[in-house]
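Working notes, structure below.
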Amino acid sequence: MPELPEVETVRRSLEPSILGQFVRHVILDTPSVWRGADPDTVTGLRITFSKRRGKYLLFFLEPAGTEGLAYWLVVHLRMTGRLTLQGSPDPVRLHTHVRIELGGKTPQPVWLIFQDTRRFGHFSLVPAQSADQLPDVLPCLGPEPLDAAFDAKVLGRQLFGHGRLNLKAALLNQAIVAGIGNIYADEILFASRLAPDRLAGSLDEAEIGRLAEAIRDVLLRAVEQCGTTLKDYVDGWNRKGSFQHCLMVYGRAGQPCRRCDMTIQKKKLAGRSTHWCPACQPYLPA
DNA sequence: AAACTAACCTGGGGGC
DNA sequence: TGCCCCCAGGTTAGTT
């Protein structure tokens with residue numbers, strides 16, 4: 001489920017309630033979702049910083065005094081993971097895997113709850129050098145598309161060497177650009193008027209420019225709308241996103257294109273269902 | 001290098 | 001109502 005806009009929305013919704021809080025207690029209901037250092041290691045540490053990198057959420061945990069190690073708590077929600085806040089550890093809803101009690105800043109404790117139906121999501125707890133140095137448990141990730149530095153030149157450089165990869169696969173490749181998943185890949189390609197099966201190496205300069213612009217534009221608009229809720233996704237306070245109302249192609253196979261009325265097509269590409277408008281996104285450049 | 005499959009999991013929907 | 005198959009927002013590993 002969660003792609004960059006959803007993960008960013010979760011991060012922003014959690015931040016005010018968890019920054020500056022101390023970890024009081026970690027209840028690990030499903031041990032297999034936890035990797036790295038023992039959960040008890042973080043008891044007494046304070047959350048001082050949160051960050052998103054691609055689809056990863058990172059929390060920086062610092063010791064209260066000068067003694068002890070700092071840690072990164074790295075979370076990936078995969079398809080159905082949810083990170084929400086509640087006032088108590090109960091009720092324990094179905095598919096709850098981790099419950100973390102936070103306190104110290106607020107009079108009442110706050111509980112950070114991790115639920116994940118499919119159990120693909122996971123936590124990694126790793127020692128940290130500094131908040132500037134991201135942990136090496138993160139895989140190789142491409143540039144952040146919402147960073148100011150991201151532009152056509154950066155995208156062109158990232159695509160170089162992947163000339164024979166189709167655009168759908170290229171956008172889904174986290175090492176080329178971080179944070180794009182199946183929904184936004186299709187929406188981005190529609191916005192840039194490029195066919196999903198065009199090869200990355202076949203783009204001219206103008207097309208790379210359109211693609212870079214569409215990546216930023218679609219993701220920014222989706223963040224403004226607090227993400228896309230199709231089924232499971234909610235933010236830290238159980239609120240749904242609203243970008244599902246803005247989708248132009250994803251999930252619209254057989255329906256008329258919102259721009260030209262042509263029927264939206266669907267086929268499997270890069271192993272994922274891919275939606276596009278054959279008129280707005282002709283295979284051959286217009 | 002890239003395409004393809006299966007794997008990790010659970011649940012929902014469609015067809016019969 | 002129930003069963004079977006396919007599908008799902010992600011990623012990795014193994015194979016051709």
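In what follows, every chain begins at residue 1, and chains take the letters A, B, ... in the order their sequences are listed.
Residue Gln174(A) comes nearest to Ile180(A) through the heavy atom pair NE2-O, 2.9 Å, listed as atom of the first residue, atom of the second, then distance. For the residue pair Ser50(A) and Phe59(A), the shortest heavy atom distance occurs at CB-CD2, 3.8 Å. When all heavy atoms of Gly181(A) and Glu3(A) are compared, the closest pair comes out as N-OE1, 2.7 Å.
Against DNA chain B, the stretch residues 164-176 of chain A makes heavy-atom approaches under 4.0 Å through Arg164(A), Leu165(A), Asn166(A). Non-hydrogen atoms lying under 4.0 Å from DNA chain B are contributed by nothing in residues 248-257 of chain A. Across residues 111-121 of chain A, Arg118(A), Phe120(A) each have a non-hydrogen atom less than 4.0 Å from an atom of DNA chain C (numbered order).
Arg198(A) and Glu207(A) are joined by a salt bridge, as a carboxylate oxygen and a charged side-chain nitrogen come within less than 4.0 angstrom of each other. The pair Arg52(A)-Glu144(A) meets the salt-bridge criterion, since a charged nitrogen lies less than 4.0 angstrom from a carboxylate oxygen. Salt bridge Asp197(A)/Lys267(A): present, at least one basic N to carboxylate O contact under 4.0 Å.
Evaluation of the ring pair (Phe, Tyr, Trp, His ring centres under 6.0 Å) test over residues 234-274 of chain A, restricted to residues two or more places apart or in two chains, returns Tyr184(A)-Phe243(A), Tyr250(A)-His275(A).
Between dA8(C) and Ser273(A), a contact under 4.0 Å exists linking OP1 or OP2 to a side-chain N or O. In terms of phosphate contacts, Lys55(A) brings a side-chain nitrogen or oxygen within less than 4.0 Å of OP1 or OP2 of dG10(C). Under 4.0 angstrom from either OP1 or OP2 of dG10(C) there lies at least one side-chain N or O belonging to Arg272(A).
Every residue two or more places apart in sequence or in another chain was checked for a ring-ring contact (aromatic ring centres under 6.0 Å, His included) with Phe190(A), and none qualifies. Partners of Asp147(A) under the salt bridge (charged side-chain N to carboxylate O under 4.0 Å, His left out) rule, at least two apart in sequence or in another chain, do not exist in this structure. Ser13(A) is linked by a side-chain hydrogen bond (donor to acceptor under 3.5 Å, both in side chains) to nothing, counting only residues two or more places apart in sequence or in another chain.
Counting to the nearest Å, the P atom of dC7(C) and the CG atom of Asn182(A) are 13 Å from each other. Counting to the nearest Å, the C1' atom of dG9(C) and the CD atom of Glu8(A) are 17 Å from each other. If you measure from atom CG of Leu77(A) to atom P of dG10(C), you get 11 Å, rounded to the nearest angstrom. Between the CG atom of Leu138(A) and the P atom of dG10(C) there is a distance of 17 Å, given to the nearest Å. Separating the CG atom of Leu4(A) from the P atom of dG10(C) is a distance of 12 Å, rounded to the nearest angstrom.
The nearest heavy atom of DNA chain B to Gly271(A) and to His162(A) marks one nucleotide each, and the one closer to the 5' end goes with His162(A). Nearest-nucleotide positions on DNA chain C place Lys268(A) closer to the 5' end than the other of Lys268(A) and His76(A). Comparing Tyr56(A) and Leu230(A) by the nucleotide of DNA chain C that holds the closest heavy atom to each, the one mapping nearer the 5' end is Leu230(A).
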(message) Output the pairing pattern of DNA chain B as a dot-bracket string, 5' first, Watson-Crick or G-U wobble with both distances under 3.5 Å, | for cross-strand pairs, [ ] for crossing pairs.
(response) .|||||||.|||||||
Could you tabulate the donor-acceptor pairs under 3.5 Å formed by side-chain atoms of residues 158-167 of chain A, not counting sequence neighbours?
| residue | atom | partner | partner atom | Å |
| --- | --- | --- | --- | --- |
| Gln158(A) | NE2 | Ala175(A) | O | 3.2 |
| Gln158(A) | NE2 | Ile176(A) | O | 3.0 |
| Asn166(A) | OD1 | Lys168(A) | N | 3.2 |
| Asn166(A) | OD1 | Ala169(A) | N | 2.8 |

For residues 122-134 of chain A, which side-chain donor-acceptor pairs fall under 3.5 Å, sequence neighbours excluded?
| residue | atom | partner | partner atom | Å |
| --- | --- | --- | --- | --- |
| Ser130(A) | OG | Asp132(A) | N | 3.2 |
| Ser130(A) | OG | Gln133(A) | N | 3.4 |

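For the residue pair Gln244(A) / Thr228(A), no side-chain donor-acceptor distance below 3.5 Å is found, with atom types taken as modelled. Side-chain atoms of Thr80(A) and Asp116(A) include a donor-acceptor pair closer than 3.5 Å. Checked by atom type, the side-chain pair Gln21(A)/Thr106(A) shows a donor-acceptor distance below 3.5 Å.
Using atom C1' as the reference point in both dA1(B) and dG10(C), the two lie 22 Å apart (nearest Å). Spacing between dC8(B) and dC3(C) at atom P, rounded to whole Å, works out to 24 Å. For the P atom pair drawn from dC9(B) and dG2(C), the interatomic distance equals 27 Å after rounding to whole Å. Using atom P as the reference point in both dA6(B) and dC5(C), the two lie 15 Å apart (nearest Å). Rounded to the nearest Å, the gap between the P atom of dC7(C) and that of dC4(B) is 15 Å.
Running 5' to 3' along DNA chain B, contacts with non-hydrogen atoms of chain A at under 4.0 Å begin and end at dA2(B) to dG12(B).
The only member of Leu58(A), Leu61(A), Val137(A), Asp136(A) that meets side chain to side chain contact (heavy atoms under 4.5 Å, CB included) when paired with Trp72(A) is Leu58(A).
Its side chain outside the 4.5 Å cluster rule for every partner, Met262(A) clusters with none of the Ile, Leu, Val, Met, Phe, Trp and Tyr residues.
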